[in-house]
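Here's the structure we're looking at; comments come further down.
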Amino acid sequence: MVKLTDFQIAFSGLKLGNHLFDFQIEDTFFQLFDYAELNSGQINTIILLQKKSNMLELEFQIKGSVTLACDTCTEDYIQSIEGNYKQIVKFSDLVEPEEIDEIIILPTKEHKLEFAHQLYEYIHLSLPIRRIHADKADCNQEMLEKIEELAYQEPEVVDPRWSALQNLKK
Ligand SMILES: [Zn+2]
């Protein structure tokens, strides 16, 4: 079982300069979050960390695929995703630990950075607005027919002039 602590970088022991980390996201990663939309995916995450004397600069490069429901036919499909996100970590004991846009503030005694939530957010930011099978031929045809049938079953709007004629007949 994966834990949130599997996704952390102990930065205090690192030398100043650039460091590279590689994390593989599997389906189990999504079980860490109480969210129904995503529950399956394989995503390679590379984190470039630049340690400076008073802060950390991170760049998250994510690339892989997730399972989404197609907006057209409702069936699951594999969506490839890719994204680049920057994060700055600063240290201060004067303010409460917090996250403002791209900046995270940690207490000066902190020695590790947990990033599972950030990563989860980045994966969501990388999702397309339109979620559909790349090729319409891959859509579930049976489901498309059903959706079309349902659309035809909607009550027809009666032309008011026609109703007026019907009333005259009576
Ligand atoms: Zn589809």
- Query: Is a side-chain donor or acceptor of Lys63 paired with a backbone partner of Gly83 at a separation under 3.5 angstrom?
  - Reply: no
- Note on the structure: Note: His19 and Lys15 closest approach over all heavy atoms is NE2-O, 2.6 Å
- Query: Judged by atom type as modelled, is there a donor-acceptor pair below 3.5 Å linking the side chain of Lys86 to the main-chain atoms of Phe60?
  - Reply: no
- Message: When you compare the side chain of Leu20 with that of Leu49, does any pair of heavy atoms fall below 4.5 Å?
- Response: no
- Message: Determine whether Cys70 and Asp76 satisfy the following criterion, side chain to side chain contact (heavy atoms under 4.5 Å, CB included), listing intermediate values before the conclusion.
- Response: CA-CA 6 Å; Cys70 172; Asp76 282 352; over 6 Å; no
- Item | From CD1 (Ile43) to CD (Gln61), nearest 0.5 Å | 14.5 Å
- Message: Using only atom types and a distance under 3.5 Å, with no angle test, would you say the side chain of Asn140 pairs donor to acceptor with the backbone of Met143?
- Response: yes
- Query: Within a strict 4.5 Å, meaning less than it, do heavy atoms of the Lys52 and Met55 side chains meet?
  - Reply: yes
- Task: Answer whether the closest heavy-atom distance between the side chains of Leu106 and Ser92 falls below 4.5 Å.
- Result: no
- Regarding Tyr122 and Gln87, is there a side-chain donor-to-acceptor distance under 3.5 Å anywhere? yes
- Separation of Ile147 CD1 from Thr74 OG1 (nearest 0.5 Å): 5.5 Å
- Does the side chain of Ile104 reach to within under 4.5 Å of the side chain of Ile88, using non-hydrogen atoms? no
- Hey, what's the ring geometry for Phe7 with Phe29, parallel, tilted or perpendicular (30° and 60° as the breaks)? perpendicular
- Query: Taking the side chain as C-beta and beyond, is there a heavy-atom pair between Asp27 and Gln42 under 4.5 Å?
  - Reply: yes
- Do you know which two heavy atoms are closest between Leu14 and Ala10, and how far apart they sit? CG-O, 3.8 Å
- Message: Working to the nearest 0.5 angstrom, can you tell me the gap between Phe91 CZ and Asn54 CG?
- Response: 9.0 Å
- Message: Run Phe23 and Asp6 through side chain to side chain contact (heavy atoms under 4.5 Å, CB included) and show every step you take.
- Response: CA-CA 9 Å; Phe23 289 87; Asp6 290 339; over 6 Å; no
- Query: Is it true that Leu125 and Ile46 fall in one hydrophobic cluster, defined by side-chain heavy atoms closer than 4.5 Å?
  - Reply: no
- Item | Gap separating the CZ atom of Phe11 from the NZ atom of Lys51, nearest 0.5 angstrom | 7.5 Å
- Query: Taking a hydrophobic cluster as the set of Ile, Leu, Val, Met, Phe, Trp and Tyr residues connected by side-chain heavy atoms closer than 4.5 Å, whether directly or through intermediates, do Ile132 and Val66 fall within one such cluster?
  - Reply: no
- Item | Side-chain donor-acceptor pair present, Tyr77, Gln79, cut-off under 3.5 Å | yes
- Task: Go through Leu32 and His117 one step at a time and tell me if the side chain to side chain contact (heavy atoms under 4.5 Å, CB included) criterion holds.
- Result: CA-CA 9 Å; Leu32 295 170; His117 285 95; over 6 Å; no
- Do Ile25 and Ile62 have side-chain heavy atoms sitting under 4.5 Å apart? no
- Task: Kindly work out whether a path of hydrophobic side-chain contacts (I/L/V/M/F/W/Y, heavy atoms less than 4.5 Å apart) joins Tyr120 to Leu127.
- Result: yes
- Query: How about Ser126 and Tyr85: does a side-chain donor come under 3.5 Å of a side-chain acceptor?
  - Reply: yes
- Message: To the nearest 0.5 Å, what is the distance between CD1 on Ile105 and CG on Leu94?
- Response: 10.0 Å
- How far apart are the closest heavy atoms of Leu4 and Ala116, and which atoms are they? CD2-CB, 3.6 Å
- Glu142 side, atom CD; Cys73 side, atom SG - distance, nearest 0.5 Å: 11.5 Å
- Taking all heavy atoms of Thr72 and all of Cys139, pick out the closest pair and write down the distance. CB-SG, 4.2 Å
- Query: So Leu113 and Leu58, side chain to side chain contact (heavy atoms under 4.5 Å, CB included) or not? Walk me through it.
  - Reply: CA-CA 11 Å; Leu113 175 75; Leu58 295 113; 3.8 Å; yes
- Message: If we ignore hydrogens and angles and just use 3.5 Å, is the side chain of Asn44 paired with the main-chain N or O of Gln24 as donor and acceptor?
- Response: no
- Query: How close do Thr28 and Val2 get, heavy atom to heavy atom, and via which atoms?
  - Reply: O-CG2, 3.2 Å
- Note on the structure: Heavy-atom nearest pair, His133 first then Asp138, reads NE2-O, 3.6 Å
- Message: Strictly below 4.0 Å, N to O, side chains only: are Glu110 and Lys112 in salt-bridge contact?
- Response: yes
- Determine whether Phe115 and Phe33 fall in the same hydrophobic cluster, where Ile, Leu, Val, Met, Phe, Trp and Tyr are linked whenever their side-chain heavy atoms lie under 4.5 Å apart. yes
